[in-house]
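For reference, the structure is listed below as structure tokens.
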Amino acid sequence: MSFFVNKYNPSKIEKKWQNFWEYNKTFSSEIDKSLKKYYVLEMFPYPSGDIHMGHVRNYTLGDLIARYKRANGFNVLHPMGWDSFGLPAENAAISNNVHPKSWTEKNIQNMKSQLKKMGLSYDWSKELSTCNSDYYKHEQKIFIEFYKRGLAYQKETIVNWDPVEQTVLANEQVIDGKGWRSDAVIEKKRMKGWFLKITDFAEELLEDLNSLKNWPEKVKLMQKNWIGKSFGAYIDFYIKETTNKITVFSTRPDTLFGASFIALSPEHQLVNEFKKTYPEINDKLKKINIKNTNEQNLDKIEKIGIKIPVKVSHPFIKDRFLPIFIANFVLIDYGTGAVFGCPAHDQRDFDFAKKYDLEIIEVVSKEKNQKRKGSIESAYTDNGYLINSDFLNGLTVDEAKELSIKKLEEFNLGSRTINYRLKDWGVSRQRYWGCPIPIIYCDNCGIQTVPEKDLPVKLPDKVDFKNSGNPLSNHPNWINVKCPKCFRSAKRETDTFDTFFESSWYFARFTDPNYKNAINKSNANYWLPVDQYIGGIEHAVLHLLYSRFFIKAMNKLDLINLTEPFKSLQTQGMVCHQTYKNNRNEWMFPKDVKRVDDEFFTIDKKIKVFPGRIEKMSKSKKNVIDPNTIVNTFGSDTARFFILSDSPPQRDMEWTDEGVEGASKFLNKVWQLITADNYNDTPYQKIKHNDENDFKIFLATYKAISNVTQAIEDFHFNIAIANIRTLFNELNFYKIKTDNNKIVKKFCISNFLILLNPICPHLCEEAWEILGNKQSISDAPWPKVDLEYLNERHITLPIQINGKRRGEIKIAKSLNKKEVENLALNHQNIVKFLDHTPKKIIYIPNKIINIVI
RNA sequence: GCGAGCGUGGCGGAAUAGGUAGACGCACUGGACUUAAAAUCCAGUGACCAUAUUGGUCGUGGGGGUUCAAGUCCCCCCGCUCGUACCA
């Protein structure tokens, strides 16, 4: 019976075409210099075990682009791999007694099979996994190169210590004073660690943001702020009657004559010396150090300071001496860890001066030569003219900055400088499951790099996770090694790299993942840069800044010929879902909730459930939908279609049952359309239209081709789908009466399928075959518009009176202004408004006519 | 505090360069089919008025302005979201 044949069966056809693509190596990519290349990449996942909706959205976006570009004749590289070092593997080892390696490998297998069920057009022959020594051995070589060229170094600093993960974090990984992954309050700790000289590239990283035309402004701005370039001066303040000085950084050297105190960070070097000389400040200092233990309440902390019983000389005024304070609001990490306070023109200094009764000297006024009237209630930080400032008087702020720096340099009391907020990237982590840092410590020879013949430094397989701290430090066999220089006993570095190290260059490795060196330059030159990179906004300053730095550093070392890795970037929004709580205020899974009219109940309808906010899907709130369930129930084409159809990619989207069902219904209707008639013997060819109906269906088809193409180019995939649906409605409406009609319909349906294919590839392959095609639709070229149809000869022209729409006329485009005016003025609904001659008629050809009365 | 983005029907969202606001969908309503329901198909769907039409008034967070014409441009205000924060 036809009913049986007519049933859309996604699980059957999806499997069929996934096998077809794999068997035919449809998406394998080879270098072909005669073709234009296109490299599309989605941020590779951490193999946590199961894919989630965020992955589905990310990879569906990328797959659409990959298939679209392929149809447009590009040689497409679309790889996938695994960011497989990281803490969860180690946590699993501790709690479940499984080795991180086997845990990770199992997860990769699992996720890979889930991804394959989505029908993504990856070239799996390019797959890589960063925990594999074939990958990380190159990383060790790169690090040694960096070290030899001064781009990697070891130092002791105050680091961000994550007490939960028991490891160091980079500044970028501390968010609101908490670990970016653990959410634990971060402590300050003095430690030795390895750093990469990202600050060497601060200016380039900032400057080259301008060349990234296809990056979101938001991301560029975040990076710009993170780099934090500011112009100013170092200024030396000599301690009274000594040759010791305190150097401060200031962006406002123009306000020097308003200086009334010096403030040091509690961690400033000089503080230790003051402690020795003046032991009475020790107790007070403990109070001030609250900063180190409790950073999250920073903004609530009152500004406090400890006065030191010595003073410094003012650089410009011989007989003026300023008090020194150790103050909790001065940051050790920024500038020199010391500032001069100018209360009249800085709000913090103002508050501080009020509290400790310090002088407030006004040196910038809004109007020339005019002091502020009445008492000063807050700091004035805007532009103006200098007063009370000796040789700076009358100058603008900018002029005064220039002149004061000049004078400081003249007196040898300071210098012009540029300061960056960006700090060097600390890459040492006290973890097992990461890439070992290839360094050996020898008591005689000092720091030695592991010789190339001994690379890779592999992670030892047998490790004990029972003790706290880094298992590598507790591993005697592994840690003990001979010094490569003097051959006496030495010890390995036990820290491993921050996992952002791996993701900083994987996209380059994809161009030849099995090459003997890190990068096959010839392949990299062909494929790179990544033409379209897609991922979450949360990596705006972490991964994306590190990768840009890495490429610039590798370029400098001639390991690659590239200055920016990602030509175009798109950041996708989050996948959200309604939250539910039961009557005990516990979160509930959506699958356990049933909707009855406007109320929600448990699935057995017994207990009432309370709907909460629509929030990002998260395990903790249980508002997660498992992609595997969706794929098994509706098919991956439905999931792909829905996730693209509802919202623009950049915005957050809400996953709803209604939405998925709507998508599923649509695909069923497409199936009905394809199978309603037998097109097997109908030729696929373009013919001329015979009548109005044929004209209309051709017009709808070409309009859709034009609009869908534009929408995809603009990354507006929801609009692309809206236009695909519009064409579908027209196709459904078009009835076959003659053989000619059938040719017309087959032609239009075929074009429709090519447009839909990047979104629902399995259904389209199957439909394409049903239509009688012998080749895969994946090899069908993207259709072109026929302008003869799009340049319609007749249009509907709206008629306005005083800007309000009052009617419309169908006119030929060839009519001139007078003819159109006549038609408009005689329109039956217009006539009644015209009791006198119009004042003015504005006619915008093919757009609108407006009659002003 | 600072920076960025957003605000359009019951909901998600459309609207190249200032030119028919609400495309496309969800939900809803009515009808067909059915013993019935689901599914499917057809029709309607911003609000209000109306002589129910091929009519009118209002309508894109609020107020003002520019213009023949404003969701779109300018000024002021309100709200929400995200980022960032003692950066000297």
List the steps and the verdict of side-chain contact (heavy atoms from CB on, under 4.5 Å) for A/F833 and A/I851. CA-CA 10 Å; A/F833 289 93; A/I851 301 161; over 6 Å; no
Looking at [X] and [Y], does any basic side-chain N land under 4.0 Å from a carboxylate oxygen?
{"X": "A/K665", "Y": "A/E661", "result": "no"}
{"X": "A/K401", "Y": "A/D254", "result": "no"}
{"X": "A/R725", "Y": "A/E730", "result": "no"}

Could you check how far [atom1] of [X] sits from [atom2] of [N], rounded to whole Å?
{"X": "A/D657", "N": "B/G25", "atom1": "CG", "atom2": "C1'", "answer": "16 Å"}
{"X": "A/H827", "N": "B/U54", "atom1": "NE2", "atom2": "C1'", "answer": "7 Å"}
{"X": "A/K229", "N": "B/A88", "atom1": "NZ", "atom2": "P", "answer": "14 Å"}
{"X": "A/W671", "N": "B/A39", "atom1": "CH2", "atom2": "C1'", "answer": "19 Å"}
{"X": "A/L331", "N": "B/A88", "atom1": "CG", "atom2": "P", "answer": "10 Å"}
{"X": "A/D333", "N": "B/A85", "atom1": "CG", "atom2": "P", "answer": "12 Å"}
{"X": "A/K847", "N": "B/G19", "atom1": "NZ", "atom2": "P", "answer": "7 Å"}
{"X": "A/Q223", "N": "B/G83", "atom1": "CD", "atom2": "C1'", "answer": "13 Å"}

Distances under 3.5 Å between nitrogen or oxygen atoms of protein and nucleotides 9-14 of chain B:
| unit_1 | atom_1 | unit_2 | atom_2 | d |
| --- | --- | --- | --- | --- |
| B/G12 | O2' | A/D646 | O | 3.2 |
| B/G12 | O2' | A/D646 | OD2 | 3.4 |
| B/G13 | OP1 | A/S647 | OG | 3.4 |
| B/G13 | O3' | A/N718 | ND2 | 3.3 |

How far does the [atom1] atom of [N] sit from the matching atom of [M], given to the nearest Å?
{"N": "B/A50", "M": "B/G56", "atom1": "C1'", "answer": "8 Å"}
{"N": "B/U45", "M": "B/G61", "atom1": "C1'", "answer": "25 Å"}
{"N": "B/G64", "M": "B/G13", "atom1": "C1'", "answer": "30 Å"}
{"N": "B/U72", "M": "B/U16", "atom1": "P", "answer": "13 Å"}
{"N": "B/A39", "M": "B/U53", "atom1": "C1'", "answer": "37 Å"}
{"N": "B/A38", "M": "B/A32", "atom1": "P", "answer": "14 Å"}
{"N": "B/G55", "M": "B/C73", "atom1": "C1'", "answer": "33 Å"}
{"N": "B/U67", "M": "B/A85", "atom1": "C1'", "answer": "43 Å"}

A/N668 vs B/A39: side-chain N/O to OP1/OP2 distance below 4.0 Å: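 Looking at the OP1 and OP2 atoms of B/A39, neither is under 4.0 Å from any side-chain N or O of A/N668.
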Examine B/A21: is either OP1 or OP2 under 4.0 Å from a nitrogen or oxygen in the side chain of A/R805? Give yes or no.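 False: A/R805 side-chain N/O out of range (4.0 Å or more) of B/A21 OP1/OP2.
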Intermediate values then yes/no, side-chain hydrogen bond (donor to acceptor under 3.5 Å, both in side chains), A/E654 and A/T656: CA-CA 6 Å; A/E654 190 196 347; A/T656 59; 6.0 Å; no
At 4.0 Å (heavy atoms only), tell me whether A/Y420 reaches a base, stays on the sugar-phosphate, or touches nothing.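 A/Y420: no heavy atom of the nucleic acid under 4.0 Å.
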Taking all non-hydrogen atoms of both residues into account, name the closest pair between [X] and [Y] and its distance.
{"X": "A/D349", "Y": "A/G341", "value": "OD2-CA, 3.3 Å"}
{"X": "A/F350", "Y": "A/P343", "value": "CB-O, 3.2 Å"}
{"X": "A/V312", "Y": "A/I262", "value": "CG2-CG1, 3.5 Å"}
{"X": "A/W655", "Y": "A/I625", "value": "CD1-CG1, 3.7 Å"}

Under a cut-off of 3.5 Å for both distances of each Watson-Crick or G-U pair, what dot-bracket string does RNA chain B give, using [ ] for crossing pairs and | for inter-strand pairs? (((((((..(((......[....))).(((((.......))))).((((.....))))..(((((..]....))))))))))))....
Find which nucleotide of RNA chain B each of A/K665 and A/T656 is nearest to by heavy atoms, and output the residue with the more 5' nucleotide.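 The residue mapped nearer the 5' terminus is A/T656.
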Most 5' of A/G335 and A/N829 on RNA chain B, judged by nearest nucleotide: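 Whichever sits nearer the 5' end wins; that is A/N829.
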Regarding [X] and [Y], is there a side-chain donor-to-acceptor distance under 3.5 Å anywhere?
{"X": "A/T199", "Y": "A/D424", "value": "yes"}
{"X": "A/Q672", "Y": "A/Y8", "value": "no"}
{"X": "A/Q650", "Y": "A/Q572", "value": "no"}

[X] side chain: which of [options] is closest?
{"X": "A/T796", "options": "B/G56, B/U20, B/A85", "value": "B/U20"}
{"X": "A/W226", "options": "B/G25, B/C86, B/A85", "value": "B/A85"}
{"X": "A/R421", "options": "B/G25, B/G19, B/U84", "value": "B/U84"}
{"X": "A/K218", "options": "B/G25, B/U54, B/C82", "value": "B/C82"}
{"X": "A/E658", "options": "B/C87, B/U81, B/A27", "value": "B/A27"}
{"X": "A/K669", "options": "B/C41, B/U40, B/G56", "value": "B/C41"}

Pick out the pairs of N or O atoms, protein on one side and nucleotides 67-73 of chain B on the other, that lie under 3.5 Å.
| unit_1 | atom_1 | unit_2 | atom_2 | d |
| --- | --- | --- | --- | --- |
| B/C68 | O2' | A/N850 | ND2 | 3.1 |
| B/C68 | O2 | A/N850 | ND2 | 2.6 |

Is A/K423 reaching over with its side chain to a backbone N or O of A/D333, donor-acceptor style, under 3.5 angstrom?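 Yes, because the side chain of A/K423 sits within donor-acceptor range (under 3.5 Å) of the backbone of A/D333.
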Parallel under 30°, tilted from 30 to 60°, perpendicular over 60°: which one fits the rings of [X] and [Y]?
{"X": "A/H543", "Y": "A/H539", "result": "perpendicular"}
{"X": "A/F728", "Y": "A/F752", "result": "tilted"}
{"X": "A/F600", "Y": "A/Y580", "result": "tilted"}

What about A/Y356 and A/F261, are their ring centers closer than 6.0 Å?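 Ring centres of A/F261 and A/Y356 not closer than 6.0 Å.
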With ring centroids as reference points, do A/F325 and A/F352 lie under 6.0 angstrom apart?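 Centroid separation for A/F325 and A/F352: below 6.0 Å.
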Atom pairs under 3.5 Å, N or O on each side, protein against nucleotides 28-33 of chain B: can you list them with distances?
none

To the closest 0.5 Å, what do you measure between CG (A/D236) and CD1 (A/I246)?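 Going from CG on A/D236 over to CD1 on A/I246, the span is 10.5 Å.
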Among residues 720-728 of chain A, which ones have heavy-atom contacts with RNA chain B below 4.0 Å?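 Going residue by residue through residues 720-728 of chain A, the ones with a heavy atom under 4.0 Å of RNA chain B turn out to be A/A722, A/R725, A/T726.
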Do any of residues 340-353 of chain A sit with a heavy atom less than 4.0 Å from RNA chain B, and if so which?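 A/R348, in order of number.
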